[in-house]
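Letters A, B, ... mirror the listed sequences (proteins, then strands); counts begin at 1.
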Amino acid sequence: MAPDLLEASKERRVKELPALQDAKMRKVVTRLPPEPSGYPHIGHAYAGYINWYYARKYRGRLILRFEDTNPRNVQKEYYEAFKKGYQWMEIDWDEELKVSDDMPYFYEKARELLERQEAYFCTCQADVIKEGRRAGTPCPHRQDIGDKNVAIWDKIIDGKYKEREIVCRLRVDMNHPNAVMRDPNIFRIIDYPHPFQGTQYRLWPTYDFANALEDHRNGISHILRSNEFASRDELQAYIRDLFQLPQPLIQEWSRFTIEGSPVSKRKIRPLIKSGFISGWNDIRLTTLAALRRRGIIPEAIREMTREVGLSVAQPVLDWSVLLGINRRLVDPIANRYYAVTQPSLVEISNAKPHTAKIPFHPDFKDRGTRTITIKDSVYIDGQDANRLKNGDIFRLKHGYNIQVQRKTKKAIYCSYAGDDLDQAEFRIQWVIDDSIPMELRYPDVLFIKGELNSSSLRKVEGIAEHAIREVKPGTIIQLERKGFGFIDGNGEKVNINMTE
RNA sequence: GCCCUGAUAGUGUAGCCAGGUCAAUCAUCAUGGGCUUUCGCCCCGUGGACCCGGGUUCGAAUCCCGGUCAGGGCACCA
């Protein structure tokens, strides 16, 4: 369904993404271009949603394209992880392909450039090339050596030269103001088995070369991506011009981050290694797997994306923006349960037996109720217990009122105090002795001002009402007066990841 | 060092190209109240911002110049 139709039924004003430049109905083709070298995170979801949004808005096509031309980076499991991630985001695509399947095409184009003297082989070391770029000076390999470059190409394929001994460079302009244009490398040797291509190739194209041609080959009409690639636009356009290919429209935005929650593998991997976080789906991270396990729903990420829009500033979102949207969206879907931490025993004298029928959701009575019978004792939350003073009348929510007689270390002794709702000063949730043990995990930001936050994960033990047994892992619930959470495991003990 | 972007409430964002209707939008947040057998949701109200300095103009968030700060690029990563 198109995004605008999808939102039409809600009364609430929803922010939409702006119209796409030069977009004609049924002519828009966009892409999801992940490198399968890690797990998808919120940045991928953000970019993916934008590409999906415009493809659907204009009834065009969306292509899932795995950018897997560096065999050393990519792994099979990540291809699947990305597909699962996009599916979770409800981003569907019309075609799926791998850039590595187009190697024969890149080879053909590369040979053509060598023949046309538009490219050459260079045996300078990486640091020499780098220095030449900085200084704007050409190296000796740049001079025209006729068709010898084509012969070198064949030699490399035959196994001559080792990795890092030689690269293929485009002959552009060593004095170009944009340093990307100073004879960029377009092919290099990587002797490493590719998960799908095996060892049949050792000359692999660089990002710019593969991307420039691939975008054309896929019929991409609009390249929508983050602006870390901005300075490569010129080069990619140049490469397409070399083959007289049409230029797609490019729209870029700034890379998107959430305060205190890094996305880079460089920063996260050591934290996993040291055991500080449990893995790539640790609830403090912003991988899609982590967000799911924290109780964030895809629509919240989509709405957040629309709010941020195609900004070219440097958005560093506070968690509150995502969490606030999520809370609103999750409220109607999350059934309510009672649970207490630091359980405090409440003994009720002259209690009348009472069977409470508690609705699973206050706004949707059709979801039914569970029944709990109060006998002569219940457990309440330690925090509530601390607040109670002798003489206080409070209500066991959906039960009846009780009055505090005296507090001891062992228990709070109360007496039945009627049914009048108005007489109770406050209402609290409670559980009885058939309740089951639970662990709540409260996530916080991983870094505060660049420093690792040692208390970024708080675990609290407690007990939850028996009915929570029936809730399947993966369900988002609300623990009344505690917040929303995600049932992460439901065995002997129920584990709940609190959303905030 | 060089090149390219950007800067609007605590956070994000609209407005800037085509100067006035901007006493600056919306979301999130904070706060007061209402509703509610939750400290959730919902409803009503309130609070908070145009990076700095010059210039052009009757008039500048918007145009020009100069700073400052931030991000990206100058990879045999993408």
### Query
Does A:F364 have A:R367 sitting over its ring (NZ/CZ under 6.0 Å from centre, angle to axis within 45°)?
yes
#### Entry: cation_pi(A:R370, A:Y337) dist<6.0 Å, angle<=45
yes
How many whole angstroms separate atom [atom1] of [X] from atom [atom2] of [N]?
X: A:Q478; N: B:C41; atom1: CD; atom2: P; answer: 9 Å
X: A:R427; N: B:C39; atom1: CZ; atom2: P; answer: 8 Å
X: A:D233; N: B:U5; atom1: CG; atom2: P; answer: 11 Å

For the [atom1] atoms, the ones on [N] and on [M], what distance do you get once it is rounded to whole angstrom?
N: B:C51; M: B:A9; atom1: C1'; value: 14 Å
N: B:A27; M: B:G66; atom1: P; value: 39 Å
N: B:G19; M: B:G59; atom1: P; value: 15 Å

Have a look at [X] and say if it touches a base, only the backbone sugar-phosphate, or nothing, with a 4.0 Å heavy-atom cut-off.
X: A:P362; value: base
X: A:R72; value: nothing
X: A:D208; value: nothing
X: A:D384; value: base

### Message
Each nucleotide in nucleotides 8-17 of chain B should get exactly one letter: B, S or -. Can you fill that in based on protein heavy atoms under 4.0 Å?
### Response
--BBBS----
Show each protein N/O and nucleotides 74-76 of chain B N/O combination with a separation under 3.5 Å, one pair to a line.
{"from": "B:C74", "atom 1": "OP1", "to": "A:R232", "atom 2": "NH1", "distance (Å)": "2.8"}
{"from": "B:A75", "atom 1": "OP2", "to": "A:R133", "atom 2": "NH1", "distance (Å)": "2.9"}
{"from": "B:C76", "atom 1": "OP2", "to": "A:N185", "atom 2": "ND2", "distance (Å)": "3.0"}
{"from": "B:C76", "atom 1": "O4'", "to": "A:N185", "atom 2": "ND2", "distance (Å)": "3.4"}
{"from": "B:C76", "atom 1": "O3'", "to": "A:R188", "atom 2": "NE", "distance (Å)": "3.3"}
{"from": "B:C76", "atom 1": "O2'", "to": "A:R164", "atom 2": "NH1", "distance (Å)": "3.3"}
{"from": "B:C76", "atom 1": "N3", "to": "A:R164", "atom 2": "O", "distance (Å)": "3.3"}
{"from": "B:C76", "atom 1": "N4", "to": "A:C124", "atom 2": "O", "distance (Å)": "3.3"}
{"from": "B:C76", "atom 1": "N4", "to": "A:R164", "atom 2": "O", "distance (Å)": "2.6"}

### Task
Look at A:R327 and B:C41 and indicate whether a side-chain polar atom (N or O) is within less than 4.0 Å of OP1 or OP2.
yes
### Query
Taking OP1 and OP2 of B:A27, is either one under 4.0 Å from a side-chain nitrogen or oxygen of A:R306?
no
### Message
Distance check, rounded to the nearest 0.5 Å: A:R188 atom CZ versus A:L203 atom CG?
### Response
10.0 Å
### Task
Determine whether A:Y39 and A:F82 make a side-chain contact, defined as any pair of heavy atoms from C-beta on separated by less than 4.5 Å.
no
### Message
Is there a side-chain contact between A:L291 and A:I301 in this structure, where contact means two heavy atoms from C-beta onward sitting under 4.5 Å apart?
### Response
yes
### Query
Would you say the ring centroid of A:F187 lies under 6.0 angstrom from that of A:F106?
no
### Task
Between B:C77, B:U37, B:G40, spot the one nearest the side chain of A:E35, thanks.
B:C77
#### Entry: base_contact_polar (B:U5 base, A:E252 side chain, donor-acceptor, <3.5 Å)
no
### Task
Applying side chain to side chain contact (heavy atoms under 4.5 Å, CB included), run through A:Y238 and A:V172 and close with a yes or a no.
CA-CA 9 Å; A:Y238 179 90; A:V172 189; 3.7 Å; yes
